[in-house]
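Values below: all heavy atoms of this structure, side chains included; hydrogens, waters and symmetry mates excluded. Every number for a ligand or one of its atoms is a count from 1 in the order of the listing. None of the values given here were measured: they were computed from a predicted structure.
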Amino acid sequence: MKTVDVCLSPDLLHLHKVSNKIVVVVDILRATSCMTTGIAHGVNSIIPFADMEECMLMSAKGFLTAGERNGKKIDGFDLGNSPYDYMDEAVKGQDVAVTTTNGTRAIEKSKGAVEVVIGAFLNISAVAEYLRAKNMDVLILCAGWKGKVNLEDSLFAGALSEALKPDFEHACDAPMLAETSYNFMKHDIVARVQSSSHAKRLNRLNVHKDIEFCLKHDEYDVVPVLQEGKIVALNNQQNRNQ
Ligand code: MLT
């Protein structure tokens, strides 16, 4: 039987073998929620950069630049890291270069995987359906916060692991831990996540509406995947059923 595992922080990734797995990267607040929103709203591609200067240089190549550090939009960049930035009609059809505090770093670290999938509550059922159709073990990688575990990514890991039942078995205890947390908190997930450290940080920066939006389930039916360094939509049925 296929297995599902959870890595609660990119700093623990060295404990996992990814070369034979699909890695689902998650950064609920807000990197992978933004990527999912962008792809759903017709962004052509999104290139993730761990490094801010490298990202900035993409502007000269015709890319929109997007991102944040510590939750704040980067000076001189076209977009911040709000899902609402990606709903703008002007972003449709564009290529975006993005750098964020944790999310793009987690994607960078996953590059040795067979495939890297972008997960969020916004597309959780589409991602689960895709993973069920593939004959491969799965690792859910939480972006966390600067190496530390965070609540919202861990809850997503639990929700996705739960959604993969009964087709996957747990590779270790982390999926069980994450599922138990999700099941305990899912009925008042917005209130629970509001008390998380990053939600508090965002609230201090007057970013309020993103939190609730990023916790919506199944807003979009897209599966963004990393292909040749770019995040693009994998949304045709043929590919999804491979
Ligand atoms: C990150 O990568 O850490 C985030 O997405 C931070 C944020 O946008 O608030």
**Fill in**
In this structure, atom 3 (O) of ligand 1 is nearest to the protein heavy atom N102 ND2, 2.6 Å
**Request:** Give the numbers and elements of all ligand 1 atoms closer than 4.0 Å to a heavy atom of L202.
**Result:** 9 (O)
**Prompt:** Hey, is E179 close enough to K165 for a salt bridge, meaning N to O under 4.0 Å?
**Reply:** yes
**Prompt:** Should the heavy atoms of other residues, nucleotides or ligands under 6.0 Å from NZ of K111 be counted, would the total exceed 12?
**Reply:** yes
**Request:** Anything under 30° is parallel, anything over 60° is perpendicular, the rest tilted; go ahead and classify F121 against Y182.
**Result:** parallel
**Prompt:** Under 4.0 Å from ligand 1, counting heavy atoms only, is it the side chain of D27, its backbone, both or neither?
**Reply:** side chain
**Request:** Spell out, as yes or no, whether a donor-acceptor pair under 3.5 Å connects the side chain of D51 to the backbone of E54.
**Result:** yes
**Prompt:** What part of L29, side chain from CB on, backbone N/CA/C/O, both or neither, has a heavy atom under 4.0 Å from ligand 1?
**Reply:** backbone
**Message:** Does N70 form a side-chain hydrogen bond (donor to acceptor under 3.5 Å, both in side chains) with K146? I'd like the steps, not just the answer.
**Reply:** CA-CA 10 Å; N70 298 316; K146 298 185 179 177; 2.7 Å; yes
**Message:** If you take the nearest heavy atom of each of K73, E68, K72, which one is closest to atom 6 (C) of ligand 1?
**Reply:** E68
**Message:** For K209, is there an ion pair with E212 - N to carboxylate O distance below 4.0 angstrom?
**Reply:** no
**Message:** Taking the basic N atoms (NZ, or NE/NH1/NH2) and the acidic carboxylate oxygens, is any pair closer than 4.0 Å for E115 and K134?
**Reply:** yes
**Distance from atom 2 (O) of ligand 1 to nearest protein heavy atom, with residue and atom** = T100 OG1, 2.6 Å
**Prompt:** Just which atoms of ligand 1 are under 4.0 Å from any heavy atom in W145?
**Reply:** 3 (O)
**Prompt:** H198: heavy atom below 4.0 Å from ligand 1, yes or no?
**Reply:** yes
**Prompt:** Can you list the ligand 1 atoms lying under 4.0 Å from a non-hydrogen atom of G103?
**Reply:** 1 (C), 2 (O)
**Message:** Between D11 and R105 (salt bridge meaning N to carboxylate O under 4.0 Å), is one present in this structure?
**Reply:** yes
**Item:** Atom indices of ligand 1, in the order listed, that fall short of 4.0 Å to a heavy atom of R30
**Value:** 4 (C), 5 (O), 7 (C), 8 (O), 9 (O)
**atom 8 (O) of ligand 1 [closest protein heavy-atom partner, distance rounded to 0.1 Å]** = N81 ND2, 2.5 Å
**Request:** Using a strict 4.0 Å cut-off to heavy atoms of A31, name the atoms of ligand 1 that fall inside it.
**Result:** 2 (O), 5 (O)
